[in-house]
Amino acid sequence: MLRDITLGQYYETKSKLHELDPRTKLVGTLIYLISLFMFTNAYVYIFAASFLLLCVLISRIPPTYMIKGMKPVIFLLVFTLFLNMLFTPGEVIFTFWKINITKEGVKQALYMGARLTLLIMGSNMMTLTTTPTRLTNGLERLMGPLKLIKLPVHEIAMMMSIALRFIPILMDETDRIMKAQLARGADFESGNLIKKAKSLVPVLVPLFISAFRRANDLAMAMEARCYHGGKGRTQMKPLKYRPADLLAYLVLILYMTAVVLIGKYL
Amino acid sequence: MGIIDINKVTYEYIRRDEDGNVEGITTAVNGVSLNVKAGEFIAILGHNGSGKSTLAKHINALLVPEEGSVIVDGMDTADEDKTLSIRQTAGMVFQNPDNQIIGQIVEEDVGFGPENMGVPTKEIWERVEESLRTVGMYEYRKKSPNKLSGGQKQRVSIASVIAMHPKCIVFDEPTAMLDPKGRREVIRAARALNDVENITIILITHYMEEAIYADRIFVMEEGSVVMQGTPETVFSQVDMLKSYRLDVPEVTELAWELKKAGVPIKFPILTREELKEELIRLGKR
């Protein structure tokens with residue numbers, strides 16, 4: 001049950017987008033997200049949506065898969081739209097009981113919906129086409145300059161990649177502990193939300209203890225294999241920019257210019 | 001002078017209460033001396049809490065002895081400047097296969113050690129390929145470790161150690177969490193490394209069947225070495241082993257019972273083939 005989360009998981013296939021350097025994709029995603037917040041303009045959103053569609057086509061990820069990935073956030077999306085619709089004052093077009101739906105509200109909700117959907121899909125695009133290892137690797141390189149202000153960049157990247165490696169293991173463990181407790185008569189299903197949350201405490205305690213034990217073992221195994229931080233370390237898969245990355249950066253610049261032009265003059 | 005020279009090592013675990021006062025002291029290793037020659041296959045036996053794992057961690061400089069000294073290939077483990085080269089000389093494979101794999105893909109995990117040592121990228125790839133082929137896991141190099149069986153994970157762990165080109169590998173109960181099939185895979189890999197690559201192997205285990213291939217066996221009890229010798233000499237002392245709450249291999253036990261019952265069988269017998277031949281010989285008479 002815990003494993004149905006498809007949001008942001010790597011989708012394996014061969015495409016030009018998969019092959020891009022993770023740094024390019026990280027910067028690209030950032031630019032895309034910024035472009036969504038620069039203007040509240042329907043044309044900009046249409047342009048951003050078509051750019052995303054183009055990316056989806058290049059990435060060879062089935063569009064249905066992308067849409068399926070939105071499932072977990074649909075509730076959040078609907079909720080935000082609903083609130084926006086209800087609480088924006090303006091010209092009333094529809095009254096129901098004591099609630100007024102305004103023209104501005106509908107407009108605001110539509111903009112917000114488009115922005116959120118594109119935002120989530122855009123960042124999904126990055127995680128779907130990049131393996132977690134390459135992603136952390138890219139992040140480490142991009143944050144490299146922050147080492148100057150004493151930020152432990154290598155350590156943060158290492159922590160991220162270890163966390164990613166242990167997520168499935170800890171999920172299995174949670175499943176096992178829950179089953180063991182179910183077998184002894186524990187009840188995770190009935191009662192209200194507070195009662196349900198309370199019944200999870202006996203699951204969390206052994207889970208934490210086991211996580212600490214694993215961390216201890218892993219630290220020892222890493223030390224045994226000469227791990228001593230990022231100093232003097234070489235890389236098995238060093239990142240290298242290729243001509244395709246240059247092209248991608250050019251496309252990004254063109255995209256941003258187009259967004260600014262559309263936002264200003266349309 | 002051997003590759004590993006353990007000299008009167010003592011190590012204590014000190015338990016403290018919440019205020020930091022000493023509550024009790026457990027002497028895990030008590031004055032152990034042990035000498036391993038290059039290319040040897042050593043087995044250390046003992047039940048839980050006998051101090052064998054604590055001793056193993058000394059060889060890799062994960063623990064430093066409180067008394068005595070551990071010399072690995074001429075380097076003292078107490079010398080902090082040598083820690084990294086000691087860890088490269090003496091690799092270690094641990095018990096839990098899940099908790100020692102760092103990479104998210106098999107090949108990345110094998111590359112982790114050489115990366116730490118600062119090996120150039122091109123050579124890392126060569127080492128990864130070579131060590132994965134040695135343990136027969138090359139076809140799985142792109143797989144996630146989570147999708148492998150226990151025995152396969154341990155073989156990846158072995159490959160990860162080989163990629164560092166060690167002279168000696170310490171196996172700390174590598175089969176304790178595996179099924180019989182996985183156990184066979186791991187022991188076969190360990191023996192192959194000893195035979196083919198001439199790597200010194202120190203196998204810590206409580207499965208007697210795994211110890212019969214060793215050149216020498218050490219039996220530990222309450223932090224001390226209580227028995228040592230070739231498998232033949234150690235396993236022929238069945239009563240003594242039992243007093244340390246250890247079993248002998250099933251085959252040896254059967255031969256022992258037959259001998260006690262008055263059958264003129266040769267003793268000790270360690271392998272199934274040996275027993276078969278001996279029984280056929282007895283049957284012919």
Side-chain angles (χ1 to χ4, degrees), chain A residues 2-3 9-10 12 14 22 127 130-137 140 154-155 157-173 175-176 209-240, chain B residues 53 56-57 59-63 80 83-105 107-128 142 144-147 153 157 160-164 166 169-170 172:
Chain A
L2 288 162
R3 274 195 226 181
Q9 271 187 17
Y10 181 61
E12 195 172 350
K14 273 202 159 62
T127 46
T130 323
T131 59
T133 324
R134 273 168 68 79
L135 207 59
T136 42
N137 217 338
E140 184 179 350
H154 167 78
E155 282 75 8
M158 183 56 92
M159 268 155 58
M160 274 176 64
S161 74
I162 289 174
L164 284 168
R165 148 118 178 87
F166 274 85
I167 285 170
I169 293 175
L170 288 178
M171 287 214 174
D172 272 355
E173 187 120 344
D175 236 32
R176 228 180 0 249
I209 292 175
S210 124
F212 277 120
R213 192 167 300 146
R214 281 180 194 282
N216 196 19
D217 278 5
L218 188 77
M220 200 139 65
M222 285 169 75
E223 271 196 51
R225 275 156 71 187
C226 290
Y227 182 70
H228 55 284
K231 229 170 116 191
R233 214 163 173 268
T234 45
Q235 278 188 309
M236 184 182 179
K237 297 174 174 171
L239 296 176
K240 255 191 213 126
Chain B
S53 283
K57 281 172 195 144
I59 299 172
N60 198 270
L62 287 171
L63 294 177
E80 277 180 33
T83 304
L84 287 181
S85 34
I86 288 170
R87 288 186 180 151
Q88 192 213 316
T89 314
M92 193 150 174
V93 176
F94 295 87
Q95 187 185 79
N96 189 329
D98 278 325
N99 296 358
Q100 57 180 316
I101 295 180
I102 293 121
Q104 293 173 56
I105 306 175
E107 60 179 16
E108 282 172 9
D109 186 65
V110 180
F112 182 75
E115 278 182 339
N116 289 333
M117 287 157 53
V119 175
T121 303
K122 196 168 153 271
E123 202 192 323
I124 294 180
W125 282 97
E126 288 163 11
R127 285 186 182 207
V128 168
K142 299 278 182 204
S144 155
N146 297 326
K147 299 218 166 83
K153 281 184 209 166
S157 302
S160 306
V161 172
I162 306 173
M164 294 166 68
I169 302 179
V170 182
D172 187 4

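Quick caveat, the model's predicted, so the values are computed rather than measured. So you know, we letter chains A, B, ... as the sequences are listed, proteins then strands, and number each from 1.
Heavy atoms closer than 4.5 Å to chain A are found nowhere in B/Pro166, neither backbone nor side chain. Looking at B/Asp109, the atoms closer than 4.5 Å to chain A (heavy atoms on both sides) sit in the backbone and in the side chain alike. Heavy atoms of B/Ile86 lying under 4.5 Å from chain A are absent altogether. Looking at A/Leu218, both its backbone and its side chain come within 4.5 Å of chain B, counting heavy atoms on both sides. With a 4.5 angstrom heavy-atom cutoff, B/Ile102 touches chain A via backbone and side-chain atoms both. If you measure heavy-atom distances from B/Phe112 to chain A, the contacts under 4.5 Å come from both the backbone and the side chain. Contact of B/Val170 with chain A is not made at all, since no heavy-atom distance falls under 4.5 Å.
Taking all atoms of both residues into account, the shortest heavy-atom contact from A/Arg165 to B/Asp98 is NH2-O, 2.9 Å. Between B/Gly111 and A/Met236, the shortest heavy-atom contact is CA-SD, 3.8 Å. Of all heavy-atom pairs spanning B/Met92 and A/Ala224, the tightest one is CB-CB, 4.4 Å. The heavy-atom pair separating B/Phe94 from A/Ala221 by the smallest distance is CE1-CA, 3.6 Å.
The residue among B/Val93, B/Val128, B/Ile101, B/Val161 with the most heavy atom pairs within less than 4.5 Å of chain A is B/Ile101.
For B/Arg127, the side chain to side chain donor-acceptor pair (under 3.5 Å) criterion is met by B/Glu123, not counting sequence neighbours. Annotation: side-chain contact (heavy atoms from CB on, under 4.5 Å) contacts of A/Asp217 (sequence neighbours excluded): B/Asn96, B/Asn99.
Interatomic distance, B/Glu108 CD to A/Ser161 OG, rounded to the nearest 0.5 Å: 8.5 Å. Interatomic distance, CG of B/Asn146 versus CG of A/Asp172, reported as 7.5 Å (0.5 Å rounding). The structure places CD of B/Gln104 at 13.0 Å from CZ of A/Arg134, a figure rounded to the nearest 0.5 Å. Here the CG-CZ distance, from B/Asn116 to A/Arg233, works out to 4.5 Å after rounding to the nearest 0.5 Å. Remark: B/Gln100 CD to A/Arg214 CZ distance equals 12.0 Å, nearest 0.5 Å. Distance check, rounded to the nearest 0.5 Å: NZ of B/Lys57 to CE of A/Met220 gives 4.0 Å.
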Quiz item: Taking it one step at a time, do B/Arg87 and A/Arg225 satisfy side-chain contact (heavy atoms from CB on, under 4.5 Å)?
Solution: CA-CA 7 Å; B/Arg87 288 186 180 151; A/Arg225 275 156 71 187; over 6 Å; no
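Remark: the backbone N or O of B/Val119 is paired with a side-chain donor or acceptor of A/Thr234 at under 3.5 angstrom.
Ion pairing of B/Glu107 with A/Lys237 is present here, as a side-chain N (NZ or NE/NH1/NH2) and a carboxylate O approach within less than 4.0 Å.
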